[in-house]
Amino acid sequence: QVQLVESGGGSVQAGGSLRLSCVVSGYAYSSFCMGWFRQPPGKGREGVAAIANDGDNTYYTDSVKGRFTIARDGAKNTVYLQMNSLKPEDTAKYYCATDTPCAAAGAWLSFMARTASGYWGQGTQVTVSS
């Protein structure tokens, strides 16, 4: 049984930092693309960052470039999202997801945000106050 469990969300003031973690079990984690997505209140799902199975190919949506960093630890079957310089507009529920191997992390992220295919966690709430 595939499980993705996110943690690390919380409430911070603007300018603060959080690190989200997503532990994957029951899955060939190391062979597949991993991504972080978010859904702000009353809005649609957005792809935030993705990392390919090789760990070198990453992609970030424009609004988080230079502030967020995605990384994966194969030994721990975990993918992280380090979020710095947080802004109120980053407030959302954050989800991790995985599906297939990917050659292009950006295209995969867009596909996943649009279709919600593959495996998803239950999400962790991030709230940034001004």
Output the distance between atom [atom1] ([X]) and atom [atom2] ([Y]), rounded to the nearest 0.5 Å.
| X | Y | atom1 | atom2 | result |
| --- | --- | --- | --- | --- |
| Asn57 | Ile51 | CG | CD1 | 8.5 Å |
| Tyr59 | Lys65 | OH | NZ | 5.5 Å |
| Met34 | Asn77 | CE | CG | 9.0 Å |
| Tyr94 | Leu81 | OH | CG | 7.5 Å |

Can you see which heavy atom on [X] is nearest to which on [Y], and at what distance?
| X | Y | result |
| --- | --- | --- |
| Glu46 | Ser63 | OE2-OG, 4.0 Å |
| Ala97 | Phe37 | CB-CE1, 3.7 Å |
| Ala50 | Ala105 | CB-O, 3.7 Å |

The salt bridge (Lys or Arg N to Asp or Glu O under 4.0 Å) partners of Lys43 (sequence neighbours excluded) come to none
Residues 60-82 vs ring-ring contact (aromatic ring centres under 6.0 Å, His included), sequence neighbours excluded, gives none
Under the 3.5 angstrom rule, does the side chain of [X] hit a backbone N or O of [Y] as a donor-acceptor pair?
| X | Y | answer |
| --- | --- | --- |
| Gln122 | Glu6 | no |
| Arg72 | Ala52 | yes |
| Asn53 | Cys102 | yes |
| Thr78 | Lys76 | yes |

Output a table of donor-acceptor pairs, distance under 3.5 Å, between side-chain atoms of residues 83-90 and any protein atom two or more places apart or on a different chain; print 'none' if there are none.
{"from": "Asn84", "atom 1": "OD1", "to": "Ser17", "atom 2": "OG", "distance (Å)": "3.0"}
{"from": "Asn84", "atom 1": "OD1", "to": "Gln82", "atom 2": "NE2", "distance (Å)": "2.9"}
{"from": "Asp90", "atom 1": "OD1", "to": "Arg38", "atom 2": "NH1", "distance (Å)": "3.0"}
{"from": "Asp90", "atom 1": "OD1", "to": "Arg67", "atom 2": "NH2", "distance (Å)": "3.0"}
{"from": "Asp90", "atom 1": "OD2", "to": "Arg67", "atom 2": "NH1", "distance (Å)": "2.7"}
{"from": "Asp90", "atom 1": "OD2", "to": "Arg67", "atom 2": "NH2", "distance (Å)": "3.4"}
{"from": "Asp90", "atom 1": "OD2", "to": "Lys87", "atom 2": "N", "distance (Å)": "2.8"}

Hits for side chain to side chain contact (heavy atoms under 4.5 Å, CB included) against Val2, two or more places apart or cross-chain, chain-then-number order -> Leu4, Tyr27, Tyr119
Listed pairs under 3.5 Å, donor-acceptor, residues 106-114 side chains, sequence neighbours left out:
{"from": "Ser110", "atom 1": "OG", "to": "Gly106", "atom 2": "O", "distance (Å)": "3.3"}

If two hydrophobic side chains count as joined below 4.5 Å and joins carry through other members, does [X] share a cluster with [Y]?
| X | Y | value |
| --- | --- | --- |
| Val79 | Tyr95 | no |
| Val128 | Val64 | yes |
| Val12 | Val48 | yes |
| Ile70 | Phe32 | yes |

- prompt: Mind checking whether Asp99 and Thr115 have side chains closer than 4.5 Å, heavy atoms only?
  reply: no
Contacts of Asp56 meeting side-chain hydrogen bond (donor to acceptor under 3.5 Å, both in side chains) (sequence neighbours excluded), chain-then-number -> none
